[in-house]
Amino acid sequence: MRKIIEYSIEQGVIPILTTKADNKEEDGSINATIARLALEYQVPLWNFYAAVDPLANNGLQEDMAHLTWGRNLFDDRMPCRKPGRSAT
């Protein structure tokens, strides 16, 4: 991951690191490493885990690989109504 971050920065790109929704390693070590790297390289971190943590099953389907989803309410008469997940 360091090579990717450093290469991006060398190319003038600011990488945005993102935590993952699952905790398959059961100790949070992967997300902790991602957060430490963001701090070390002073790049933005999108803490996706924090956004989905309060959801049932961390917002993951039974296969623990795909996010759950909700129906778009485009037929709703309320203007500008968006699905709740757009907040992340």
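Please read all numbers here as calculations on a predicted model, not as lab measurements. The analysis underlying the following values was restricted to heavy atoms, covering all of them including side chains, and did not include hydrogens, waters or symmetry mates.
Heavy-atom minimum distance, Ile5 versus Pro15: CG2-CG, 4.2 Å. In terms of heavy atoms, Lys20 sits closest to Asn31 at N-OD1, 2.8 Å. Between Ala65 and Leu60, the shortest heavy-atom contact is C-CD2, 4.5 Å.
Of the possible donor and acceptor atoms, one in the side chain of Gln42 sits under 3.5 Å from a partner among the backbone N and O of Leu39. Not one N or O on the side chain of Thr68 forms a donor-acceptor pair closer than 3.5 Å with the backbone of Gln61.
By the criterion of side-chain heavy atoms lying less than 4.5 angstrom apart, applied directly or through intervening Ile, Leu, Val, Met, Phe, Trp or Tyr residues, Ile9 is grouped together with Leu37 in one hydrophobic cluster. Transitive grouping of hydrophobic side chains (ILVMFWY, heavy atoms separated by less than 4.5 Å) keeps Ile4 and Tyr41 in distinct clusters. No continuous path of hydrophobic side-chain contacts links Val43 to Tyr7 [ILVMFWY only; heavy atoms under 4.5 Å].
No more than 12 heavy-atom neighbours from other residues, nucleotides or ligands sit within 6.0 angstrom of CD on Glu26. Residue Glu62 places its CD atom among 12 or fewer non-hydrogen atoms of other residues, nucleotides or ligands, all under 6.0 Å distant. The neighbour count for Ile16 CD1, taken as heavy atoms of other residues, nucleotides or ligands under 6.0 Å away, does not exceed 12.
Note that CG of Asp63 is 5.5 Å distant from NE2 of His66, once rounded to the nearest 0.5 Å. Here CZ of Phe48 is found 9.5 Å from CG of Asn58. Values are rounded to the nearest 0.5 Å.
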**Asked** Which is it for Leu45 and Thr19 under the side-chain contact (heavy atoms from CB on, under 4.5 Å) test, yes or no, and what are the steps along the way?
**Response** CA-CA 8 Å; Leu45 173 71; Thr19 56; 4.1 Å; yes
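Contact of the Ile30 side chain with the Tyr49 side chain is not registered, since no non-hydrogen atoms from C-beta on lie closer than 4.5 Å.
Partners of Glu10 according to the salt bridge (Lys or Arg N to Asp or Glu O under 4.0 Å) rule, which considers only residues two or more places apart in sequence or in another chain, do not exist here. Residues satisfying the side-chain hydrogen bond (donor to acceptor under 3.5 Å, both in side chains) criterion with Asn57, sequence neighbours excluded, are absent altogether.
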